[in-house]
Amino acid sequence: MRKEICGIIVTWNSGEEIHRSLPAIVSQVDEVVIVDNGSTPHELAILKNFIFKYSNASITEIGENKGIAAAFNRGFEYALSKGFSWVIT
């Protein structure tokens, strides 16, 4: 089955907010990639502690805050490499 829609979420120290919204998002797309834009270790741990519940969600870490454009570019690169037809942000 071809994957059609990839959702990109850019985050920076917003683990709790994503924890609340991710269930609704993963149910509407084929895959979600969370691009972490240099969150603190505590915030990154929050993401990693609940992301395993979703087989269609993953985290990509940039390592430092390079800005929202760089983070979205990383997400788009991921979606293109996986052959998605559509991307939503």
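Just so you know, residue 1 is the first one in the sequence shown, and it goes up from there. Owing to the predicted nature of the structure, the values given are computational and were not obtained by experimental measurement.
Under the 4.5 Å side-chain criterion, counting only non-hydrogen atoms from C-beta, V35 is not in contact with F76. Looking only at side-chain heavy atoms (C-beta outward), E31 and F84 come within less than 4.5 Å of each other. Counting heavy atoms from C-beta on, the side chains of I18 and I51 never come closer than 4.5 Å.
The two residues V32 and L22 come nearest to each other via the heavy atoms CG1-CD1, 4.0 Å. In terms of heavy atoms, S27 sits closest to A24 at OG-O, 2.8 Å.
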Derivation and outcome, side chain to side chain contact (heavy atoms under 4.5 Å, CB included), residues I88 and V29: CA-CA 9 Å; I88 61 170; V29 297; 3.5 Å; yes
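Here the straight-line distance linking atom CD1 of I8 with atom CD1 of I25 works out to 12.0 Å at 0.5 Å rounding. Rounded to the nearest 0.5 Å, atoms CG (D30) and CD1 (I5) are 6.0 Å apart. Atom CG of L44 sits about 6.0 Å away from atom CG of L47, to the nearest 0.5 Å.
Annotation: ring-ring contact (aromatic ring centres under 6.0 Å, His included) contacts involving residues 12-67, sequence neighbours excluded, comprise H19-F50. Sorted by first and then second residue, the salt bridge (Lys or Arg N to Asp or Glu O under 4.0 Å) pairs involving residues 69-89 (not counting sequence neighbours) form an empty list.
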Per-pair distances, 0.1 Å, donor-acceptor, side chain in residues 56-72, under 3.5 Å, sequence neighbours excluded:
residue : atom : partner : partner atom : Å
N56     : ND2  : V26     : O            : 3.1
E61     : OE2  : K48     : NZ           : 3.0
N65     : OD1  : N37     : ND2          : 3.1
N65     : OD1  : G67     : N            : 3.0

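With hydrogens and angles ignored, the 3.5 Å screen pairs a side-chain donor or acceptor of S39 with a backbone N or O of N13. One N or O on the side chain of S81 and one on the backbone of Y78 form a donor-acceptor pair closer than 3.5 Å.
In this view, E17 and S14, R20 satisfy the side-chain contact (heavy atoms from CB on, under 4.5 Å) rule, not counting sequence neighbours. Annotation: salt bridge (Lys or Arg N to Asp or Glu O under 4.0 Å) contacts of E43 (sequence neighbours excluded): none.
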